[in-house]
Amino acid sequence: YIFEEKEKKIVSKDKKSKGETKTEKQINCRLQECGPRFTLKLLTLQHGTFDTKSGEYEWVHKPDLDTSRRRFFL
């Protein structure tokens, strides 16, 4: 998060204050991206509970389908 503090000058238009200026503090908050963007690729999709020895795989990634770095298929 990035916090920025700005001062805003307000000129009053009342007859009693005679054009006095007041400062009002305003704090803005924004998000800053910290690193590169990336895409996660699914390697396997398993049916049921997680079991690496005897689990049923519904889908397994095949390297033949990788045509480019930007496009991938499920």
Enquirer: Among residues at least two apart in sequence or on other chains, which ones pass side-chain contact (heavy atoms from CB on, under 4.5 Å) with Glu56?
Expert: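 Expected list: His47.
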Enquirer: Under 4.5 Å between side-chain heavy atoms, chaining through other members, with only Ile, Leu, Val, Met, Phe, Trp and Tyr counted: pull out the rest of the cluster around Val60, sorted by chain and number.
Expert: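 Members other than Val60 - counting any ILVMFWY side chain reachable under 4.5 Å - are Tyr57.
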Enquirer: Let me confirm one number: the NZ-OG1 distance from Lys9 to Thr23, rounded to the nearest 0.5 Å.
Expert: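 Going from NZ on Lys9 over to OG1 on Thr23, the span is 8.5 Å.
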Enquirer: Compare every heavy atom of Trp59 with every heavy atom of Leu43, then report the nearest pair and how far apart it is.
Expert: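 Of all heavy-atom pairs spanning Leu43 and Trp59, the closest is O-CZ3, 3.8 Å.
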Enquirer: Could you pull out all residues at least two apart from Lys25 that satisfy salt bridge (charged side-chain N to carboxylate O under 4.0 Å, His left out)?
Expert: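 Partners of Lys25 under the salt bridge (charged side-chain N to carboxylate O under 4.0 Å, His left out) test: Glu5.
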Enquirer: Side chains of residues 29-37: which donor-acceptor pairs under 3.5 Å do they make with residues two or more places apart or in other chains?
Expert:
{"unit_1": "Arg30", "atom_1": "NE", "unit_2": "Glu4", "atom_2": "OE2", "d": "3.3"}
{"unit_1": "Arg30", "atom_1": "NH2", "unit_2": "Glu4", "atom_2": "OE2", "d": "3.3"}
{"unit_1": "Glu33", "atom_1": "OE1", "unit_2": "Arg37", "atom_2": "NE", "d": "3.4"}
{"unit_1": "Glu33", "atom_1": "OE1", "unit_2": "Arg37", "atom_2": "NH2", "d": "3.4"}
{"unit_1": "Glu33", "atom_1": "OE2", "unit_2": "Arg37", "atom_2": "NE", "d": "3.4"}

Enquirer: Measuring from His61:NE2 to Leu42:CG, what's the distance to the nearest 0.5 Å?
Expert: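 Nearest 0.5 Å value for the NE2-CG distance: 9.0 Å.
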